[in-house]
Amino acid sequence: MKIVYWSGSGNTQKMANLIAQGIKENGVEAQVIDVSHANSDIFNDEDIIILGCPAMGAEMLEESEFEPMFMECEPNSIVNLILQIFLNN
């Protein structure tokens with residue numbers, strides 16, 4: 001399981017780490033990854049992906065790193081995934 005996030009102020013990073021901690025407390029490992037270290041292959045070989053990003057103004061994704069990574073993904077690569085997104089506003 002992977003938690004991929006973008007954080008400008010550190011708040012979304014804190015949320016990602018807290019989510020990973022809660023998952024670990026339930027016996028599952030979750031890898032926390034800053035989106036700057038991710039690409040569209042992040043979805044390969046995963047059943048569950050959690051994405052975290054602050055809501056930028058009008059509830060838009062961060063445009064320089066997070067949105068491009070997400071938009072690069074092939075639709076077929078996320079068809080059978082459980083995808084959870086959390087936003088920080």
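Everything numeric in this text was worked out from a predicted model, so none of it was measured.
- The closest donor-acceptor contact from the side chain of Asn11 to the backbone of Ser7 lies at 3.5 Å or more, if one exists at all.
- A 4.5 Å side-chain heavy-atom check between Ile19 and Ile50 finds at least one atom pair inside the cut-off.
- For the pair Lys14/Asn17, no side-chain contact is recorded, criterion being any heavy-atom separation below 4.5 Å from C-beta on.
- The heavy-atom pair separating Gly52 from Thr12 by the smallest distance is C-CG2, 3.7 Å.
- For the pair Met1/Ile23, a side-chain contact is recorded, criterion being any heavy-atom separation below 4.5 Å from C-beta on.
- Nearest approach of Ala38 to Ile33, heavy atoms of both residues: CB-CG2, 4.2 Å.
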**Prompt:** Going through the checks in order, is the side chain to side chain contact (heavy atoms under 4.5 Å, CB included) test met by Tyr5 and Val32?
**Reply:** CA-CA 8 Å; Tyr5 72 91; Val32 179; 3.5 Å; yes
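- Checked against side chain to side chain donor-acceptor pair (under 3.5 Å), Glu25 has the following partners two or more places apart in sequence or in another chain: Gln21.
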